[in-house]
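Presented below is the structure to which this report refers.
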There are 2 protein chains.
Amino acid sequence: MADVARLAGVSSQTVSRVSNGYAGVTDETRGQVLAAMKELGYRPNSAARALKRGEFRTIGIITFSLATTGNVRTLEAIATSAASEGYAVTLLPVAVPTQDEVRGAFSRLEELAVDAVIVIMEVHLLDAASLTLPPHVQVVVVDSDAGDTYTVVDTDQAGGSRAAVRHLLDLGHETVWHLAGPEGSFAAQRRTDAWRHTLTEAGRTPPPLVRGDWSAESGYRAGLELAAREECTAVFAANDQMALGLLRALHERGRGVPEDVSVIGFDDIAEAGSFLPPLTTVHQDFAEVGRQCVRAVLRKMRAAGPERGTTLVPTRLVTRASTAPPPAQRAGAKAAAADGRPDRGASGDGTAV
Amino acid sequence: MADVARLAGVSSQTVSRVSNGYAGVTDETRGQVLAAMKELGYRPNSAARALKRGEFRTIGIITFSLATTGNVRTLEAIATSAASEGYAVTLLPVAVPTQDEVRGAFSRLEELAVDAVIVIMEVHLLDAASLTLPPHVQVVVVDSDAGDTYTVVDTDQAGGSRAAVRHLLDLGHETVWHLAGPEGSFAAQRRTDAWRHTLTEAGRTPPPLVRGDWSAESGYRAGLELAAREECTAVFAANDQMALGLLRALHERGRGVPEDVSVIGFDDIAEAGSFLPPLTTVHQDFAEVGRQCVRAVLRKMRAAGPERGTTLVPTRLVTRASTAPPPAQRAGAKAAAADGRPDRGASGDGTAV
DNA sequence: TTCGCCGATGTTTGCGTAAACATCACGCTC
DNA sequence: GAGCGTGATGTTTACGCAAACATCGGCGAA
């Protein structure tokens, strides 16, 4: 910086003013400084800047796994959104999701150059008491139930699940089975609760819960079990991957989708429209979740007050070809058809959104 | 820090020594300092540290999209690997993959607190000449062809593709069709080249190339086209997502997999085992790619010399249920079956690309 | 005993920046 | 024309840390 100042014939303070876009600098002076900066290839040193200003313009992200589409898409949206606000994003992977590991991540974070933290993970691993964060680091949590402790941004899990169940009931199904996510997950919990509540509200009896772990493989195992139950005509899978495994199991067991069993997913991953058959599912707006996270975190940083509360991002039902009225309602002519080849496709093949 | 020093009754320099694990400090003194640090909740300020040491212990990652599994898994591995070396990882998303955007990302990077950069993207957007990096920022590129300009780490695309094609030829297929990735991608290019080369080497004639864009949807469109060709008995899809779409199209057109057509993918994404049928594919070791990236980047930083060259990470063929000998080789009974096959889909409705 | 050496600790200094304050020239008012 | 305000620019300083150097005390060899 001193070199630039010397070359431009000004003081280093003026160089600083130029590089920060400060107003009170003559156009002429500014021009000289800019020329000198260019000639010398000057780049402000961000460490010194951060030291002086007391902020890093960086947001830390703690996440357990990038294996699920949701986390990844959210992360991507956060990064993009943060970038447009002039913030960088640094990643803090937590290898094993134990309480200790999470605490470890937080403590590493403490010596990390971040002004705020966004946590994308099952939040029951977050024990507020055990976390000592640097005083001015704000926290926002995604996918959680911690509204009273942290600021939370999340997809409207309940609303989406309700829409999924209603869709199946409206098609005429007597009840809807649920392939739930893992026990520890709050998102899974929320979807399960909403499923049960919607059924009860409609006067139906919720069938026994079937549990998976988000993976396609677990969906397959659950599917083998469900395929054996004649009375099961509609399944709400808590995510698309499990729905994929479910489809495979049903197919293997000779249960047609959607003629015999309707399947609905959750997430609307990119591949959902290419499943066999294309999957009806609940679309999550991850991009919006990411944007809201960044907004929330910046708002908190500016307000400095420990703000709480939850922001919900709405979902959208995407109807494709994996749902239809139950076999009972399509008696007569349909019965014959079901016998030969499935008549799927006509309704949804190309309409994937 | 001064407060800690006062409380512990030592100088601030001793505090510094303790927090950096410097050797020459009595256990007793160290204990007092640690106690004081704990009592005051002291955390070293990373900005000051970086300023003093001249390094940030941070690696920047430039990536265009997190939509493909490969990029994400590589990113995850890099983050984990970097963390274990005491490095943080900051993300630099590039919204639109134009030359200008990439250049923009690099220039934002210049004022960013990073010691090195790893680029995960199609590298033909990287114009070495137009990039002015801060002098000591090292670059490593994934998935590219830039071995003579940058240090490159990549999956052994050629080896994996060769294995895929060989596998199909060994099963008895006369030739192998190829559903390629988008034109601009070097990874796609490599896979295509290896496919062609392996066929030629074996004295076979490569059929016309079919092109997709990595998405399942594009695989579906290509599949509709391929399904119409009786002579097509084996397809090598350049990634698993396209293979998924391909499976759906073949199924819809009544072409059985693997009885009529064998399909092999590339990547081995988590869901591949749950496709209908489970997909035979080439497994990429993304974790290893990530590790190698970090190793390469750290090596470069330490050596300080502009090192070049390419590190290839081997692949592994995963055999599942989507590949089998061609129909011709399984004559007799099979021929009859093929005969009775419903001829749906003959109404090629022009949607194929 | 004395000297010198070594290990433990303290003191000084500067990393690159920007806030706070100081200065200076210019134009305007009375 | 003296005084004063204003806008542009320069000077000083401190941010928190760690390298370099300084100091001090104890112990072994001569």
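Proteins get letters first, then strands, A, B, ... in listed order; numbering begins at 1 in each. None of the values given here were measured: they were computed from a predicted structure.
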Terminal axes of the helix from C:dT1-D:dA30 to C:dC30-D:dG1 (5 end pairs apiece), angle rounded to 10 degrees, sit apart by 50°
Residues B:Gly86 and B:Arg57: closest non-hydrogen pair is O-CB, 3.9 Å
**Request:** Let me see the working for B:Val33 and B:Met37 under side chain to side chain contact (heavy atoms under 4.5 Å, CB included), right down to the final yes or no.
**Result:** CA-CA 6 Å; B:Val33 172; B:Met37 287 212 257; 4.1 Å; yes
Start with the C-alpha gap between A:Val289 and A:Thr155, add the side-chain angles, then the distance that decides, and say whether side chain to side chain contact (heavy atoms under 4.5 Å, CB included) holds.
CA-CA 7 Å; A:Val289 171; A:Thr155 288; 3.7 Å; yes
Between B:Ala47 and A:Ala50, the two heavy atoms sitting closest are CB-CB, 3.7 Å
Sorted by number, residues from residues 31-40 of chain A placing a heavy atom under 4.0 Å from DNA chain C are none
Here the pair of heavy atoms bringing A:Val313 nearest to A:Gln292 is CG2-CG, 4.2 Å
Would you say A:Arg295 has more than 12 foreign heavy atoms packed within less than 6.0 Å of its CZ? no
Review item, nucleotides 15-20 of chain D N/O atoms under 3.5 Å of protein N/O:
residue, atom, partner, partner atom, Å
D:dC17, OP1, B:Tyr42, OH, 2.7
D:dC17, OP1, B:Asn45, N, 3.1
D:dA18, OP1, B:Asn20, OD1, 3.3
D:dA18, OP1, B:Asn20, ND2, 3.0
D:dA18, OP1, B:Arg49, NE, 2.8
D:dA18, OP2, B:Ser16, OG, 2.9
D:dA18, OP2, B:Asn20, ND2, 3.2
D:dA18, N7, B:Gln13, OE1, 3.3
D:dA19, N6, B:Gln13, OE1, 2.7

CG of A:Asp115 to CG of A:Leu298, rounded to nearest 0.5 Å, is 9.5 Å
**Q.** Residue-phosphate contact under 4.0 Å: B:Thr29 side-chain N/O, C:dA8 OP1/OP2
**A.** no
Quick note, B:Thr26 side chain, CB onward, closest among D:dG10, D:dA8, C:dA8 is C:dA8
Correct closest heavy-atom pair for A:Ile120 and A:Asn71 would be CG2-OD1, 3.5 Å
Minimal heavy-atom distance between A:Gly290 and A:Ile78, with the atoms involved, is CA-CG1, 3.6 Å
OG1 (A:Thr26) and CD (A:Gln32) are apart, to the nearest 0.5 Å, by 9.0 Å
